[in-house]
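In what follows, a structure is listed as structure tokens, so that the remarks can point back to it.
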Amino acid sequence: MTNPSPHPAHPPARPPHPTAHPVGPFPDPTPQPYHRLDRTTGRHRWWRPLTGTVLLAFAYVVIVLVLLVLSYGLGTALGVPELPDGGPDLGPLGNTATDLVSIAIALPLVLLATLWPARRPVGTVTSVTGRLRTGWLGRCLLAGLLPILLLTVTSFLLPDDSGDPGAWVGWRSFLTALAVLVVLVPLQAAAEEYVFRGWLLQAAGAFVRSPWFAVIPQAVLFAAAHGWGTQWGFLGLLVNGLVAGLLTIRTGGLEAAIALHVLNNLLAFGASAAVVDGLSSDETAADAPWSLALTAIVADLLYAAIVLWFARRHKPQRLSVPSTPPAPPAPSAHPARTA
């Protein structure tokens, strides 16, 4: 006679180990337009856009002051004279290059602000795809050729209020200046777009759904940032900011705005570099007379029409790709032990 085993032949299966459910914040599963990308991560808080704007402005001012101190030191070491408003006089081209660099430094600051405090990938300030769409950027540059040609021809035909068209600077000086401008102007123009049509547009879009309420504030700030000149000059810059902002939302990224800004600035700086002391002028687009400002408005509207026509044909991505929250892992049952 055998004694029964104290252990059952088939003990009950152990209950599955408890699994940890994913913890938020969860991304928004709804596709969003460009100006609402701050809402897609699930990390949006009302203070993030405001804090980022303050930190961005503060960091920019500090870095510009550091560059100013360094330029003073360089000017003292080289023994160059001072400008009337302060700072070393590095010559027309050197002063222009310094001004362009001082604006271009805003670009990495915007990317850093997107990482923190916005807490989202840096590419989301570029487009809804999270990257710069070089093919679409090329098409936008192509779209700007006709409007820029119109603006160039018209500006030469318009009467010059000063009565002095300026003397030709010479091929050597012009080509040297053009080489510097081709390198620095795209960086400066892109930096302004990342600040106004990028960060500020998305900061406003974090609170409002309407594209217009997101576009108008940055357009006003963009025009004001160029200084107060003529009423027509301010209006021209305001329309430029509105067109660039609406194209950014309509096409899902900054490429159209960057292309327009780069072409406009290359034309403006290139024309200034062609005449003696042209780069020394303090005039900006804000000082444009009514005839030139009106021509620039027509060119901007023509550019918008061509870009929108391209967009209907090539259909660039307009909305973000929705991200689904991670699903909880399925419970795994442990096989029962046998004797």
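For reference, positions follow the sequence shown, starting with 1. These numbers come from a predicted model, not from an experiment.
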ILVMFWY cluster, L221 and I258 together (side-chain gap under 4.5 Å): yes
Side chain to side chain contact (heavy atoms under 4.5 Å, CB included) between V275 and W168, intermediate numbers included: CA-CA 5 Å; V275 298; W168 166 246; over 6 Å; no
Sub-4.5 Å side-chain heavy-atom contact between I105 and L67: yes
Atom CZ of F207 with >12 non-hydrogen neighbours under 6.0 angstrom: yes
Charged tip of R197 within 45° of F222 ring normal and under 6.0 Å: yes
ring-ring contact (aromatic ring centres under 6.0 Å, His included) pairs, two or more places apart, involving residues 47-70: none
With I148 via side chain to side chain contact (heavy atoms under 4.5 Å, CB included) - residues at least two apart: T152, L263, N264, L267
Criterion side chain to side chain contact (heavy atoms under 4.5 Å, CB included) against I297, the qualifying member of V243, V239, L292, N240: V239
Exercise: do T230 and W290 side chains pair donor with acceptor under 3.5 Å: no
Within the 6.0 Å centroid threshold, strictly below: W228 and F234: yes
Non-hydrogen side-chain atoms of R318 and P33 separated by less than 4.5 Å: no
Basic-acidic side-chain contact under 4.0 Å: D38, R120: yes
Side-chain donor-acceptor contact under 3.5 Å, H261 with E193: yes
Side-chain donor-acceptor pair present, T124, Y34, cut-off under 3.5 Å: no
Donor-acceptor contact present, side-chain R48 to main-chain A118, <3.5 Å: no
